[in-house]
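Notes to accompany the following structure.
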Amino acid sequence: MTTAAQQTRVGPRRSWTPSQIVLTLLGTAVSLVFLAPLAWALFTSLKSETEAVEVPPHWLPEEWTGQAWTAIFETGNITNWFVNSLVVSVCVTTIVLVVSALAGYGFARTEFRGKNVLMGVVMAGLMVSPAVLGVPLFTTVQQMGMVDTYWGMILPQCAPAAMVYILYKFFQGVPRELEEAAFIDGAGRWRVFLTIIVPLSRPSLAAVGIFTFISSWNNFLWPYMVTNNPDLMTMPNGIATVMNSYGIQWAQLMAGGLMAGLPLILVFVFFQRQIVAGVAHTGLAGQ
């Protein structure tokens, strides 16, 4: 009877509809397009430097070798670059989370004079390219004596207009009744924020943290401008130095690029649910 009941519950397997087949094929094609550069970088890193610059190029190495991987660890200070990127990215992410959460909650839940003007200034920050601010930011950092320091690389990346707006939109959607009930019980503004708002906003905070970490890890221009010390180079800056008098070492460059991209790939693999949930909870999914 148990077997018959199980067969009855399972039933016949449904066949794929034409729309499912088309969407699956389309998704597979898009995935291949995105995976092709990674595959090319991996195969190129396993070639010799001579074979990496051959014309016409070919996908698979004729002679598989790990020479590029060995060379980048021997000639490049890749461990130091990795640590520098990790320190800068973690510090930037932590500061941005604190600043964005406080600013977003303040704009969403408190009333004060000049609120609309300040919100307009924050929104204006979304329309200004970071490259435009490079020179004034560098002048400010230089006057403060923070050139060739960690803080010089970290602090200018901690003005997150987009992240403030994301959390501002999320906090606007939190029911006010939850806060009012806590106020009636005698809780203050800080206690409400830390014990009610922050736990409810974990998906959005996770998404903001992930986006900030990825952006800081990939940032090339600002660390390149603010430091000339080889010991303070981040991964993107260090990989850009993989060249000699004969030009760019393509196999080593591809190996370094894969090393730099590996943490970001792991972030997407392990935190993709938080990214999707964070975007869905901010109210930006349909915009």
Please give me the minimum heavy-atom distance between Val92 and Cys158, naming the atom from each residue.
CA-SG, 4.1 Å

Heavy-atom pair with the smallest gap, counting every atom of Met235 and Ser85
N-OG, 2.7 Å

Taking the side chain as every heavy atom from C-beta outward, state whether Leu46 and Met254 have any pair of such atoms under 4.5 Å apart.
no

Could you tell me the separation between the CE atom of Met163 and the OG1 atom of Thr212, rounded to the nearest 0.5 Å?
4.0 Å

I'd like to know if the side chain of Gln142 and the backbone of Val147 have a donor-acceptor N/O pair within less than 3.5 Å.
no

Shared hydrophobic cluster for Val128 and Met225 (ILVMFWY, side-chain gaps under 4.5 Å):
yes

Could you tell me if Asp148 and Thr227 have a donor-acceptor pair between their side chains, going purely by distance under 3.5 Å?
yes

So, do Trp81 and Ile78 sit near enough that their side-chain heavy atoms are less than 4.5 Å apart?
yes

Thr110 vs Arg189, side-chain contact (heavy atoms from CB on, under 4.5 Å): CA-CA, chis, key distance, verdict:
CA-CA 10 Å; Thr110 59; Arg189 177 69 69 180; 4.3 Å; yes

How far does CG of Asn237 sit from CG of Leu232, to the nearest 0.5 angstrom?
10.5 Å

If I take atom CH2 from residue Trp190 and atom CG from residue Leu102, how far apart are they, to the nearest 0.5 angstrom?
5.0 Å

What heavy-atom pair brings Leu258 and Leu42 nearest, and what distance separates the two atoms?
CD1-CA, 3.6 Å

Side chain Thr93, main chain Ser89, donor-acceptor under 3.5 Å:
yes

Could you walk me through whether Asn84 and Tyr150 pass the side-chain contact (heavy atoms from CB on, under 4.5 Å) test, one step at a time?
CA-CA 8 Å; Asn84 290 338; Tyr150 277 129; 2.5 Å; yes

Is the ring pair Phe82/Trp217 parallel, tilted or perpendicular, if the boundaries are 30 and 60 degrees?
perpendicular

Does any N or O in the side chain of Ser201 come within less than 3.5 Å of the main-chain N or O of Val198, such that one atom is a donor and the other an acceptor?
yes

What's the separation between atom OG1 in Thr140 and atom CG in Leu155, rounded to the nearest 0.5 Å?
11.5 Å

Determine the minimum heavy-atom distance between Tyr165 and Met119, stating which atoms define it.
CD1-CE, 4.1 Å

Do the rings of Phe107 and Phe112 sit parallel, tilted or perpendicular, given the 30° and 60° boundaries?
tilted

Could you pull out the closest heavy-atom pair between Trp222 and Pro156, with the gap in Å?
CZ2-CG, 3.4 Å

For residues Ser216 and Val88, determine if any side-chain heavy atom of one lies less than 4.5 Å from a side-chain heavy atom of the other.
yes

Heavy-atom count around Met144 CE within 6.0 Å, excluding the residue itself: above 12?
no

With a 4.5 Å heavy-atom cut-off, do Trp16 and Thr24 have their side chains touching?
yes

Under 3.5 Å side-chain donor-acceptor pair for Tyr224 and Asn219:
no

Any idea which heavy atoms bring Leu178 and Val174 closest together, and the distance?
CD1-CG1, 4.4 Å

In this structure, CD of Glu51 is separated from CH2 of Trp250 (nearest 0.5 Å) by 16.0 Å

Exam field: side chain Gln252 to backbone Glu49, donor-acceptor pair closer than 3.5 Å
no

Can you find a side-chain donor-acceptor pair between Tyr168 and Arg109 that sits under 3.5 Å?
no

The reported gap from OH in Tyr105 to CD in Glu179 (rounded to nearest 0.5 angstrom) is 4.0 Å

Check Lys47 with Glu54, please: is the shortest side-chain N to carboxylate O separation under 4.0 Å?
no

For the side chain of Asn229 and the backbone of Asp231, is there at least one donor-acceptor N/O pair under 3.5 Å apart?
yes

Derivation of the side-chain contact (heavy atoms from CB on, under 4.5 Å) call for Thr149 and Val141:
CA-CA 10 Å; Thr149 63; Val141 169; 5.9 Å; no

Under 3.5 Å, is there a donor on one side chain and an acceptor on the other for Ser19 and Thr17?
yes

Ser45 versus Trp69, side-chain donor and acceptor atoms under 3.5 Å
yes

